There are 2 protein chains.
Amino acid sequence: MESAEQKQQAGRPGRVTAAMVAARAGVSTATVSLVANGKTAGRVSEDNISRVRDAITELGYVVDGIGSSLAKGVSSIVILVAPDISNPFFAKVIAGVRESLGPQYQLLLSVTEAGEFPEADDVRRLMSLRPAGLLVDAPNARFIEDLASPSPLVLLDAPGLESYAPSVNLDVASGARQLAAHLAAAGHREAAYVDSVTGTETFAVRRAAFLEEAAARGINVDPERIISTTIDVGTAASAFAAAWPAWQRAGVTAVACGTDTHGYGVLQEARVAGVRIPDELAVAGFDDLPYSATSNPGLTSVHLPATSLGQKAGEQLRRLMEGKALKPGGVTLETSLVVRGSTAAAQG
Amino acid sequence: MESAEQKQQAGRPGRVTAAMVAARAGVSTATVSLVANGKTAGRVSEDNISRVRDAITELGYVVDGIGSSLAKGVSSIVILVAPDISNPFFAKVIAGVRESLGPQYQLLLSVTEAGEFPEADDVRRLMSLRPAGLLVDAPNARFIEDLASPSPLVLLDAPGLESYAPSVNLDVASGARQLAAHLAAAGHREAAYVDSVTGTETFAVRRAAFLEEAAARGINVDPERIISTTIDVGTAASAFAAAWPAWQRAGVTAVACGTDTHGYGVLQEARVAGVRIPDELAVAGFDDLPYSATSNPGLTSVHLPATSLGQKAGEQLRRLMEGKALKPGGVTLETSLVVRGSTAAAQG
DNA sequence: CTGAAAGCGCTTACAG
DNA sequence: CTGAAAGCGCTTACAG
């Protein structure tokens with residue numbers, strides 16, 4: 001009785017092993033493994049297949065992920081590394097990834113402080129889980145080099161880093177140029193730029209493309225009018241509050257922001273400070289988050305296809321993990337300017 | 001040469017094992033394990049400790065998560081299950097969890113379609129990773145019962161489910177009542193409610209508390225004026241567009257929403273349809289997302305402490321995972337109404 | 001304080 | 001088509 005009771009207690013957590021299934025079906029654990037993994041083709045008799053299947057259902061057997069991973073040398077985990085999980089833009093990327101990855105891979109999120117990339121130590125700990133694949137969003141070159149991942153790797157929104165790994169990019173430069181052109185056409189001549197502190201390539205490209213096109217079209221953006229903050233409404237608002245008096249004196253009539261979130265901060269502070277948008281100051285961002293359509297006023301923004309970004313990246317990674325070839329050349333998704341009230345009025 | 005070359009190639013991925021460390025330090029793998037896990041107290045000589053530490057640094061050894069998990073019977077993974085990752089509210093919860101969980105636990109996200117909970121199958125697959133702990137946000141009773149988790153479990157925002165597991169709750173009922181009182185004081189007599197389709201307890205509590213307080217204060221909310229949509233700006237906008245004509249005929253002057261996201265949808269459609277906010281219609285939500293301060297007009301909202309929610313839940317889980325006792329009674333966090341322009345004007 | 005050995009649950013050549 | 005056995009990398013009683 002003692003041992004029977006113990007067994008029952010131990011069995012409570014319901015850990016059913018391949019050995020139990022094998023015993024029940026009257027086969028070896030090797031056969032159970034073959035059936036459970038669908039590798040029966042020409043290797044297991046119909047008879048044993050159904051025997052094992054029945055036993056699996058009756059006992060409620062699920063292949064143990066840990067044991068399986070150890071034997072295979074790789075887990076079913078896909079790690080998603082991103083510097084900025086708090087950006088709602090990111091929630092859509094995640095949804096896209098999840099969709100294209102399918103149910104057999106588990107998504108593990110490497111979350112860090114806003115705008116910070118994980119340290120080498122964090123990454124090592126993660127790699128010790130033997131991930132099936134890695135997805136890295138908006139990285140910088142140093143991080144990719146430190147990573148030196150032996151696992152399949154796909155980069156998201158990593159302009160200029162295509163040589164390190166297959167990438168899915170956004171044509172943010174094109175959107176940035178459209179924005180500069182739009183502001184120039186509206187008559188702006190003195191502008192400012194609110195950047196992200198992340199130090200990632202995508203933000204560098206956004207800024208460079210904007211500045212270049214602005215210069216080409218006669219918009220002046222003095223270097224001291226480029227400020228950087230974390231991607232956070234409150235922080236951006238404070239930074240803008242500190243910078244605005246000088247900008248105003250310099251005749252600034254437009255401010256471009258690296259993300260919509262920065263833009264909301266500017267909008268918020270502008271309201272507090274009584275700066276009229278867009279009459280006194282035009283504001284624009286990147287992301288085209290849902291809230292940009294309902295903000296006050298609506299925020300002009302470079303639309304970035306977040307869900308597609310995640311989907312495409314998930315697809316590419318899946319091909320890699322399954323050992324299939326990737327179409328060469330990488331993927332670049334279009335961006336486009338969405339004009340709203342925050343830049344609607346013409347200026348002189 | 002052949003074998004040396006092979007070794008080097010095989011060594012390329014840098015898989016350093018405890019056996020290699022042991023060989024280098026001149027000890028057994030048992031000792032390496034003890035040192036690597038900081039379990040040396042009274043069990044390993046100072047001499048061997050530093051010997052092993054040196055070898056670990058020199059070789060760059062990291063304990064293999066898979067091997068370790070299999071031996072221990074549990075992994076370092078904490079699974080976070082939530083029906084609604086796309087809500088930016090959630091990004092803050094995640095940040096809070098990450099903060100209190102510390103670096104030794106890895107956060108794995110169970111992501112599903114907006115508003116849907118994972119199926120039993122999904123959960124089984126996740127449980128096969130032998131998680132160290134589980135965090136479940138805004139669940140319903142059925143899900144928790146299906147789960148029957150053998151791992152430490154903490155519930156977030158799960159009013160009424162405290163009997164299933166330790167919970168960190170938000171006093172959403174209080175916020176809902178404050179909102180109803182606010183609308184009554186402003187003179188509203190006919191209202192509507194835009195609910196989430198999630199079917200989770202927290203939304204049921206929000207709605208019930210609002211309806212009860214509204215009724216007590218003379219606000220009429222006919223059952224057919226309660227609609228449900230997924231937590232998505234566009235979907236909420238469409239649902240409101242379809243419902244508004246009838247509501248208008250019935251004299252509705254206020255609409256409460258289960259989340260701010262629903263509220264943004266109403267705001268968006270109201271602008272399109274030319275419904276004046278708040279003069280013609282007052283709108284309010286729950287969450288107090290950052291965007292509610294910058295929307296047009298600002299959205300009145302019941303503030304929910306998202307970061308604290310995540311932090312507290314992470315703390316509780318950590319105690320559980322470390323075998324410590326929890327303070328009895330669970331945790332309930334305060335909520336409070338933040339009044340903004342979307343409900344500012346008094347009505348008759 | 002130390003190490004040999006068993007065991008965690010599975011997968012995969014291998015021999016038959 | 002089938003199963004015995006080795007091995008994945010680690011941790012933990014256990015004996016010394």
Side-chain angles (χ1 to χ4, degrees), chain A residues 10-11 13-52 56 59-76 124-125 127-132 150, chain B residues 10-11 13-52 55-56 59-76 124-125 127-130 132 150:
Chain A
R15 181 113 17 244
V16 178
T17 67
M20 299 181 197
V21 176
R24 175 135 188 166
V27 300
S28 71
T29 58
T31 301
V32 172
S33 176
L34 257 15
V35 173
N37 290 292
K39 298 185 174 177
T40 56
R43 305 213 256 160
V44 183
S45 67
E46 285 303 325
D47 206 46
N48 275 346
I49 292 180
S50 58
R51 227 191 217 51
V52 172
I56 287 179
L59 298 176
Y61 172 68
V62 180
V63 176
D64 183 78
I66 300 294
S68 173
S69 299
L70 186 58
K72 284 178 173 167
V74 63
S75 74
S76 61
R124 286 213 165 143
R125 240 187 299 261
M127 295 311 286
S128 94
L129 295 173
R130 311 252 200 130
Chain B
R15 181 112 16 245
V16 178
T17 66
M20 300 181 195
V21 177
R24 175 137 188 165
V27 300
S28 71
T29 58
T31 302
V32 172
S33 176
L34 258 14
V35 174
N37 290 293
K39 299 187 172 174
T40 56
R43 304 212 256 162
V44 183
S45 66
E46 284 303 326
D47 206 45
N48 275 345
I49 292 180
S50 57
R51 224 189 220 50
V52 172
I56 286 179
L59 298 176
Y61 173 68
V62 180
V63 176
D64 183 79
I66 300 294
S68 173
S69 299
L70 186 58
K72 284 178 172 165
V74 65
S75 74
S76 61
R124 285 213 164 142
R125 239 187 300 259
M127 296 311 285
S128 94
L129 295 173
R130 311 252 200 132

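Atoms considered below: every heavy atom in the structure, side chains included; atoms not considered: hydrogens, waters and symmetry mates. In the text below, chain A, chain B and the rest are named by the order of the sequence lines, each starting its count at 1. Small disclaimer: the values here were computed from a predicted structure and weren't measured.
Comparing dT11(D), dG3(C), dG9(C) by their nearest atom to the side chain of S33(B) picks out dT11(D). Of the candidate nucleotides dG9(C), dT12(C), dG9(D), dG9(C) has the atom nearest to the side chain of R15(A). Checked against dT12(C), dT2(C), dT11(D), the side chain of S45(B) finds its nearest nucleotide in dT2(C). Taking every side-chain heavy atom of A18(B) into account, dC10(D) is the closest of dC10(D), dC1(D), dG9(C). Ranking dT11(C), dT2(C), dT11(D) by closeness to the S68(A) side chain, first place goes to dT11(C). Comparing dG3(D), dG9(C), dG3(C) by their closest approach to the side chain of S28(B) singles out dG3(C). Listed nucleotides: dC10(C), dG3(C), dC8(D). Nearest to the side chain of T31(B): dG3(C). The A71(A) side chain lies nearest to dT11(C) when the options are dC8(C), dA4(D), dT11(C). Looking at the side chain of T17(B), the nearest of the listed nucleotides dC8(C), dC10(D), dG3(D) is dC10(D).
Atoms CG (L34(A)) and P (dT12(C)) sit 9 Å apart, rounded to a whole Å. For R43(B) and dC14(D), the CZ to C1' distance is 12 Å, given to the nearest whole Å. Atom CG of L70(B) is separated from atom P of dC10(D) by 12 Å (rounded to the nearest Å). The interatomic distance linking I49(A) (CD1) with dT2(D) (P) rounds to 9 Å, in whole Å. The NZ-P distance, from K39(B) to dC1(C), rounds to 17 Å in whole Å. The CG atom of D64(A) sits 6 Å away from the C1' atom of dG9(C) (whole-angstrom rounding). Taking atom CG of residue D47(A) and atom P of nucleotide dG3(D), one finds them 12 Å apart after rounding to whole Å. Remark: P of dC10(D) and CZ of R125(A) are 16 Å apart, rounded to the nearest angstrom.
Within the nucleic acid shown, V32(A) has no heavy atom closer than 4.0 Å to any nucleic acid atom.
The base-pairing partner of dA4(C), taking Watson-Crick or G-U wobble contacts with both distances under 3.5 Å, does not exist among the strands shown. Base pairing of dA13(D) is not made with any nucleotide, judged by Watson-Crick or G-U wobble geometry with both donor-acceptor distances under 3.5 Å.
Side-chain contact between D64(B) and T17(B) is absent, with no heavy-atom pair separated by less than 4.5 Å. Side chains of V16(A) and R24(A) form no contact here, defined as non-hydrogen atoms less than 4.5 Å apart.
The two residues L34(B) and T40(B) come nearest to each other via the heavy atoms O-CG2, 3.9 Å. The two atoms that bring S28(B) and A22(B) nearest to each other are C-CB, 3.7 Å, heavy atoms only.
The side chain of R130(A) contributes no N or O atom lying less than 4.0 Å from OP1 or OP2 of dC8(D). Between N48(B) and dC1(C), a side-chain N or O to OP1/OP2 separation shorter than 4.0 Å is absent.
Across the interface with DNA chain D, nearest-nucleotide mapping of A36(B) and T40(A) shows T40(A) to be the residue nearer the 5′ end. Residue E46(B) is the one, among E46(B) and K72(B), whose nearest nucleotide of DNA chain C lies closer to the 5' end (criterion: closest heavy atom).
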Task: Stepwise side chain to side chain contact (heavy atoms under 4.5 Å, CB included) check, R51(B) with V35(B) - done: CA-CA 10 Å; R51(B) 224 189 220 50; V35(B) 174; over 6 Å; no
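Here S128(B) contributes atom OG and I66(A) contributes atom CD1; the two are 7.5 Å apart, rounded to the nearest 0.5 Å.
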